[in-house]
Each structure stands twice: as C-alpha cells, then as structure tokens.
Novice: 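Structure provided below as structure tokens; questions to follow.
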Amino acid sequence: MAIDTSTSASAAPVAYGDLLERMRHASPLVQCITNYVAMNYAANILLAAGASPAMVHAPEEAGEFARLADAVTINIGTLSTHWLEGMRAAARTANETRKPWVLDPVAHFATGFRRKAVEDLLGLRPTIIRGNASEIMALAGLVSAGRGVDAGDSVEEAETAALALSRSTHAVVAVTGASDFVTDGSQAVRIGGGSALMPRVTAMGCALTCLVGAFAAAVPETPFLATVTALACFSAAGSRAEQESSGPGSFAWRFTDALAALDARALQAQTDKVIA
Ligand SMILES: Nc1ncnc2c1ncn2[C@@H]1O[C@H](COP(=O)(O)OP(=O)(O)O)[C@@H](O)[C@H]1O
Ligand SMILES: Cc1ncsc1CCOP(=O)(O)O
Ligand SMILES: [Mg+2]
C-alpha cells in the first residue's frame, strides 16, 4: 500500500504555534486513564504543557466523569478487569458526548487478556491511536519484534501498518520512535527531532498519549493536526532538554521544564525543521 506524504500537512503551511496557544488558552480537562507507572509523570507533563489532567479510572465513576472531561485517554499499561470496565465506560461516554478519545495499546500483543481488551476498545472507535512501532505493527496484524512495553521495530517498518490501521479503524494513527509517523489514512507526516534519551525515561510515551488528548480537545476539527502538534511539542522539548542533560534522570525534569517554556515561536521553528 503506497504512503502518500505529498498531501501532508506541510503542503500548506500550518500554524503549529497557534495551535499550541489555542490548547493553552482552552486548558482542556483531560481524563487520563493511564497506568500506575505513568500517572504522576503524565499529570505533570499535562500541567507543564498547559492542560488540566484528571486521573479517573474506577468503573463506578469513569463514565460519569467523562461527561465533564474535554477528552479521554485510555492506556492499558497496568490493566485489570476492574480498570477495563472503567475504560469502556469512559470511551462510551466520550462517543455519546462526541468528545475525542485516544487509545494507547501498551504491549497489547503480550497476553491474551491484553489482546482481548484492545479488541474491545477498538470496537469503541478511538479517535486517535498512539503507540510505538511494535504495538502498531501488531495491531495491524503483522508480526512484530516487541516483547514488553518497549519497541523492537523501527517506525519505518511500521508505516504501512499505520496506514492500513488508520484506514480500517478510521482513527488517526501515530507511531512514535526515533522519528514519528502520523496518518489519517489519506495524508501523513514524519516528525524528527526529540532525543535518544526519551526512550530511556519510563512513561514518556504514555504522557505523550495524554498530551495528544489535550490537543484533540482543543483542536477538534482536525485530530490529525492535533496529533502532529502534540508530537511536535515533544520533539521540541526533547531536543531542548537534551542540550543540558547528563543522563535520563536530569533529562526527565529538564524535559518538563522545556515543555513548560516552549512558546509558539519555538514550536514553529522546530516544526519547520523536523516535519516532512
Ligand atoms: N530514539 C529516539 N530519538 C528521538 N525521540 C525518540 C526516540 N525514541 C522515542 N522518542 C520519542 O519519545 C516519545 C515516546 O515515544 P516512544 O518511546 O516510541 O513511546 P513508548 O514509550 O510508548 O514506547 C515520542 O515523542 C518519540 O518521538
Ligand atoms: C514499564 C511499564 N510497565 C507497564 S506500563 C509501563 C510504562 C510504559 O510506558 P511507556 O509506554 O511510555 O514507555
Ligand atoms: Mg507505550
């Protein structure tokens, strides 16, 4: 299947900086159903970016809370039956109330329980799917080299799978890694930049999924550009944070600071450099 990047977002100049300002102005309430590993980091990343996170997953309230939220993000990283019920309830409410919801299928290929959970969640029609290359390849039915939460495949190897997955689910699909790939089934962009230290900090991808939710809420008319903008913010903050980091520990907090300090002009400069 051919991948057409000639209709990419870069064909007409996109004001990514304005989309960042819109997100900050709206400060969307994002209901993040994420894993125990990611909860604290992801909440701090959303606050740094200018959104408002709420980690609400219990089945007794997740559906009700989704009525208040501007977007929902669902991540199966530390899954249990109880959590899955909450995820389904929140996704259903998001659909009923026409709000975007984002799926992060962490290591969904690893066990039968995860595979079944993701099948159920895909049936609830996510607006956006964000995963690493191994997760996206396996979701499209290909053999992947992934074993756990970290990718074993390259983004380039996952591009065709991402396109097929987007066409079959009608979701925007984002594959992340050394460079990222985003498609809505008819257009696609690649995003470079970031830092090799990013995969050495746990929950970076999970936090990014939550930020994708924030942009999807603030830019509802185009989940594709909302996703690209969230990924571009990570690219810019990653490149900046790397400059003064001495390892994954200092990188993690410098990244939070860099995301908070990122302004429209710096984001626009980064996108001019790294989006193709
Ligand atoms: N080698 C790398 N170089 C630059 N950025 C990277 C690299 N690996 C991952 N990233 C970035 O880290 C973030 C999380 O992506 P990824 O590591 O693929 O997710 P996950 O944590 O779900 O496996 C994304 O913004 C991605 O662009
Ligand atoms: C280590 C780990 N184990 C279960 S979820 C999780 C976090 C994964 O985070 P990410 O997908 O962002 O690397
Ligand atoms: Mg992940």
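Both ligands and their constituent atoms are indexed starting at 1 by order of listing. Values reported hereafter were calculated over all heavy atoms of this structure, with side chains retained and with hydrogens, waters and symmetry mates removed. All values derive from a computational prediction rather than experimental measurement.
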Novice: Can you tell me how far the CE atom of M137 sits from the CG atom of N132, to the nearest 0.5 Å?
Specialist: 10.5 Å
Novice: How does S195 reach ligand 1, by side chain, by backbone, by both or by neither, if only non-hydrogen atoms under 4.0 Å count?
Specialist: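 The backbone, only.
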Novice: Closer than 4.0 Å to some heavy atom of A203 - which atoms of ligand 2 meet that?
Specialist: 9 (O), 10 (P), 12 (O), 13 (O)
Novice: Select the closest option to atom 16 (P) of ligand 1 among N75, T176, V274, judged by heavy-atom distance.
Specialist: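 Of the listed residues, T176 has the closest heavy atom.
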Novice: May I ask you to list the atoms of ligand 1 that are less than 4.0 angstrom from any heavy atom of F234?
Specialist: 25 (O)
Novice: Considering only protein heavy atoms, which is closest to atom 2 (C) of ligand 1, and at what distance to one decimal place?
Specialist: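 Scanning the protein heavy atoms, the shortest distance from atom 2 (C) of ligand 1 goes to A178 CA, 3.4 Å.
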Novice: Could you list which atoms of ligand 2 come closer than 4.0 Å to a heavy atom of G77?
Specialist: 4 (C), 5 (S)
Novice: Do we see a donor-acceptor contact under 3.5 Å between the side chains of S166 and D184?
Specialist: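 There is no such pair between these side chains.
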Novice: Which atoms of ligand 1 sit under 4.0 Å from any heavy atom of G205?
Specialist: 14 (C), 19 (O), 20 (P), 21 (O), 22 (O)
Novice: Looking only at protein heavy atoms, which one is nearest to atom 10 (P) of ligand 2, and what is the separation?
Specialist: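 In this structure, atom 10 (P) of ligand 2 has C206 SG, 3.5 Å as its nearest protein heavy atom.
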Novice: Does any part of the side chain of E64, heavy atoms only, come nearer than 4.5 Å to the side chain of V56, both counted from C-beta?
Specialist: no
Novice: Return the closest protein heavy atom for atom 6 (C) of ligand 2 as residue, atom name and distance.
Specialist: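 Going by distance alone, atom 6 (C) of ligand 2 is nearest to V37 CG2, 3.8 Å.
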Novice: Please state which option from N75, N35, V149 has its nearest heavy atom closest to atom 3 (N) of ligand 2.
Specialist: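 Among N75, N35, V149, the closest heavy atom to atom 3 (N) of ligand 2 comes from V149.
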Novice: Taking atom types as modelled, is there a side-chain donor on R130 or T176 under 3.5 Å from an acceptor on the other?
Specialist: yes
Novice: Would you mind finding which of A107, G177, S154 brings a heavy atom closest to atom 9 (C) of ligand 1?
Specialist: G177
Novice: Do W101 and N95 come within less than 4.5 Å of each other through their side chains, counting heavy atoms only?
Specialist: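 Touching, per the 4.5 Å side-chain cut-off.
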Novice: Is any side-chain heavy atom of F234 closer than 4.5 Å to one of I191?
Specialist: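 A side-chain contact under 4.5 Å is absent here.
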Novice: Should you measure from each heavy atom of N132, which atoms of ligand 1 turn up under 4.0 Å away?
Specialist: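 Numbered from 1, ligand 1 contributes 18 (O), 23 (O).
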Novice: Which one of M198, R200, E242 has a non-hydrogen atom at the shortest distance from atom 25 (O) of ligand 1?
Specialist: M198
Novice: I'd like to know whether ligand 1 has G193 as a neighbour, heavy-atom separation below 4.0 Å.
Specialist: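 In this structure, G193 qualifies as a contact of ligand 1 - some heavy atom is under 4.0 Å.
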Novice: In terms of relative ring orientation, are H57 and W83 parallel, tilted or perpendicular, with 30° and 60° separating the classes?
Specialist: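 Plane angle under 30°, so parallel.
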Novice: Spell out, as yes or no, whether a donor-acceptor pair under 3.5 Å connects the side chain of T78 to the backbone of Y36.
Specialist: yes
Novice: Polar-atom distance check: R130 versus ligand 1, any N or O pair below 3.5 Å?
Specialist: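 Among all N and O atoms of R130, at least one is under 3.5 Å from an N or O of ligand 1.
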Novice: Which of the numbered atoms in ligand 2 are under 4.0 angstrom from any heavy atom belonging to M204?
Specialist: 12 (O)
Novice: If we ignore angles and hydrogens, is there a donor and acceptor under 3.5 Å between the side chains of S179 and R190?
Specialist: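 Per modelled atom types, S179 and R190 side chains form no pair under 3.5 Å.
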Novice: If we ignore hydrogens and angles and just use 3.5 Å, is the side chain of H82 paired with the main-chain N or O of P59 as donor and acceptor?
Specialist: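 No; judged by distance alone, with no hydrogens or angles, the pair does not exist.
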Novice: Is a side-chain donor or acceptor of S235 paired with a backbone partner of G192 at a separation under 3.5 angstrom?
Specialist: yes
Novice: Nearest 0.5 Å, what's the CZ-CZ distance between F109 and R114?
Specialist: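 Here the interatomic distance stands at 9.0 Å.
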Novice: Purely on distance, is any nitrogen or oxygen of G205 under 3.5 Å from one on ligand 2?
Specialist: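 By distance alone, the answer is yes.
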Novice: So is D180 close enough to ligand 1, meaning a heavy atom under 4.0 angstrom away?
Specialist: yes
Novice: Applying a heavy-atom cut-off of 4.0 Å, say which part of L208 lies close to ligand 1: side chain, backbone, both or neither.
Specialist: side chain
Novice: Quick one: does A151 get a heavy atom under 4.0 Å from ligand 1?
Specialist: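 A151: no contact with ligand 1 (<4.0 Å).
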Novice: For atom 1 (C) of ligand 2, what is the nearest protein heavy atom, given as residue, atom name and distance?
Specialist: T202 OG1, 3.8 Å
Novice: Does Q270 use its side chain to pair, donor to acceptor, with the backbone of I275 at less than 3.5 Å?
Specialist: no
